[in-house]
Amino acid sequence: MQLTDREFNWIVSYVHGRYGIDLSQKRVLISGRLENYLLRNGYQSYSEYIAKIEQSPNGKEAVNMINVLTTNHTFFMREFIHFEYMQSTVLPWIKKQAASSKDVRIWSAAASTGEEPYTIAMVLKDYFGLEKGWDTQVLATDISTRVLQKAIEGRYLAEQIATLPDRWKRMHFDKITPEEFQIKKELRKEVSFRQFNLMDDIKFKGLFHLVFLRNVMIYFNEKTKNELLKRIYDHMEYGGYLFVGTTESIDKSATPFQYVQPSIYRKMR
Ligand SMILES: C[S@@+](CC[C@H](N)C(=O)[O-])C[C@H]1O[C@@H](n2cnc3c(N)ncnc32)[C@H](O)[C@@H]1O
């Protein structure tokens, strides 16, 4: 199936306009992933598919397009330095800061299939486990409904949880088959999954103490990135922390976040 320049440009501008994702250099990715999808779903051409999306911008095909085009690679304990820092530095700060409300507000802002927010929930369980009255529910969002569905189910293959400490495996997983494990219901309840487009206004209640915005800004251009960082900044507590991917960085002159150490920033004013 032929992807013409016109069709390619339409897809690039549609995905950029709606989701901030820059696919202008990703022609092979677009045709590789979409061609399969179109063939499986009986389309004769990209134009036919594009027409369907134009007719119904919030319909099934528009949703499926972003499900197919997003890159959702993630894994348990990814960039473990953030979880160590969370335990050693961020949680003690939150414990003091939220001593009266006992409301811990952590957001995994590109949660993908759930490995990141569930790792956060496990660290929280270790830290607040024996203390009474703390609300430690984690907010986990992503644009892709496909990955969110997987995340809510919380089922993972044995090899996917291999890097977790045995203690966590015993505490937080049920064995479904010798090859498949599921996050226990108790822990699944600790993570609240929602579809959210990072290009939209943030309307979640309350200000965040800690935001994980890891390995998603790589798909955005500088302007989109800086505008998103500003919106997140406005929804954080003073003293709150932001974690970005360890290969990502923030333009210090373009956002008010204070640099703490590589990939860790803080709202200080
Ligand atoms: C590579 S994964 C990162 C997962 C996890 N944060 C990590 O570091 O392992 C990037 C995720 O960002 C999501 N994403 C991309 N653009 C988005 C947008 N505009 N709004 C919300 N999520 C988006 C994708 O669907 C994907 O699941």
Side-chain angles (χ1 to χ4, degrees), residues 11-24 26 29-30 33-34 37 57-58 62-86 106-123 138-154 156 160-161 163-164 191-204 208 210-232 235 241-250 262-265:
I11 293 169
V12 168
S13 109
Y14 178 82
V15 172
H16 183 252
R18 251 185 119 152
Y19 307 107
I21 302 172
D22 180 3
L23 295 175
S24 57
K26 306 272 176 175
L29 179 143
I30 292 182
R33 291 192 185 170
L34 274 183
Y37 179 82
N58 294 315
V63 170
N64 285 345
M65 179 187 227
I66 199 65
N67 284 346
V68 172
L69 288 180
T70 48
T71 297
N72 314 108
H73 179 63
T74 184
F75 47 93
F76 283 106
M77 316 281 266
R78 183 176 199 176
E79 298 170 342
F80 194 68
I81 183 191
H82 291 141
F83 300 103
E84 283 173 337
Y85 192 86
M86 174 180 160
I106 301 181
W107 180 21
S108 164
S112 190
T113 39
E115 288 86 336
E116 177 180 285
Y118 286 131
T119 309
I120 298 171
M122 291 186 234
V123 173
V138 178
L139 172 68
T141 64
D142 200 282
I143 190 59
S144 164
T145 50
R146 184 181 57 80
V147 292
L148 287 172
Q149 198 48 49
K150 275 209 81 192
I152 289 166
E153 283 169 16
Y156 300 97
Q160 292 178 286
I161 67 166
T163 51
L164 292 175
V191 183
S192 170
F193 289 100
R194 301 267 181 280
Q195 189 192 21
F196 179 69
N197 183 352
L198 288 167
M199 297 304 104
D200 289 347
D201 285 345
I202 299 169
K203 292 198 173 127
F204 301 114
F208 295 106
L210 172 58
V211 178
F212 284 70
L213 183 68
R214 306 191 310 164
N215 304 300
V216 61
M217 286 189 296
I218 31 169
Y219 307 111
F220 304 154
N221 67 26
E222 215 48 34
K223 179 168 175 282
T224 306
K225 210 167 119 173
N226 291 336
E227 287 168 358
L228 168 63
L229 287 166
K230 177 71 176 74
R231 286 194 297 280
I232 291 182
H235 280 80
Y241 288 86
L242 172 75
F243 295 163
V244 303
T246 50
T247 56
E248 299 173 297
S249 63
I250 286 182
S263 77
I264 298 180
Y265 297 83

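The structure displayed is predicted, hence computed values, not measured ones. First listed ligand is number 1; within each ligand, the first listed atom is number 1.
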Starting from [atom], find the nearest protein heavy-atom neighbour and note its residue, name and distance.
atom: atom 9 (O) of ligand 1; result: T74 OG1, 2.6 Å
atom: atom 27 (O) of ligand 1; result: D142 OD2, 2.7 Å
atom: atom 7 (C) of ligand 1; result: R78 NH1, 3.4 Å
atom: atom 19 (N) of ligand 1; result: Y19 O, 2.9 Å
atom: atom 16 (N) of ligand 1; result: I21 CD1, 3.3 Å
atom: atom 5 (C) of ligand 1; result: A110 O, 3.3 Å
atom: atom 22 (N) of ligand 1; result: I143 N, 3.2 Å

In ligand 1, which numbered atoms sit nearer than 4.0 Å to a non-hydrogen atom of [X]?
X: V216; answer: 12 (O), 14 (N), 15 (C)
X: E116; answer: 5 (C), 6 (N), 7 (C), 8 (O)
X: T71; answer: 1 (C), 2 (S), 10 (C), 26 (C)
X: N197; answer: 18 (C), 19 (N), 20 (N)
X: N72; answer: 24 (C), 25 (O), 26 (C), 27 (O)
X: N215; answer: 1 (C), 2 (S), 3 (C), 7 (C), 8 (O), 10 (C)

Side-chain donor/acceptor of [X] to backbone N/O of [Y], under 3.5 Å:
X: Y118; Y: A151; value: yes
X: R146; Y: V63; value: no
X: T119; Y: F76; value: no
X: R214; Y: S108; value: no
X: Y241; Y: Y85; value: no

> Looking only at heavy atoms, what is the nearest atom pair of E248 and L213, with distance?
Replying inline: OE1-O, 3.8 Å
> Less than 3.5 Å between some nitrogen or oxygen of L198 and one of ligand 1, yes or no?
Replying inline: yes
> Would Y156 and F75 count as a close aromatic pair, with their ring centres under 6.0 Å?
Replying inline: no
>> Any donor-acceptor pair under 3.5 Å linking the side-chain atoms of N221 with those of H16?
In response: yes
> Without hydrogens or angle criteria, can the side chains of S144 and D142 be said to hold a donor-acceptor pair below 3.5 Å?
Replying inline: no
> Do V15 and I30 have side-chain heavy atoms sitting under 4.5 Å apart?
Replying inline: no
> Does ligand 1 have any atom that is closer than 4.0 Å to a heavy atom of F196?
Replying inline: yes
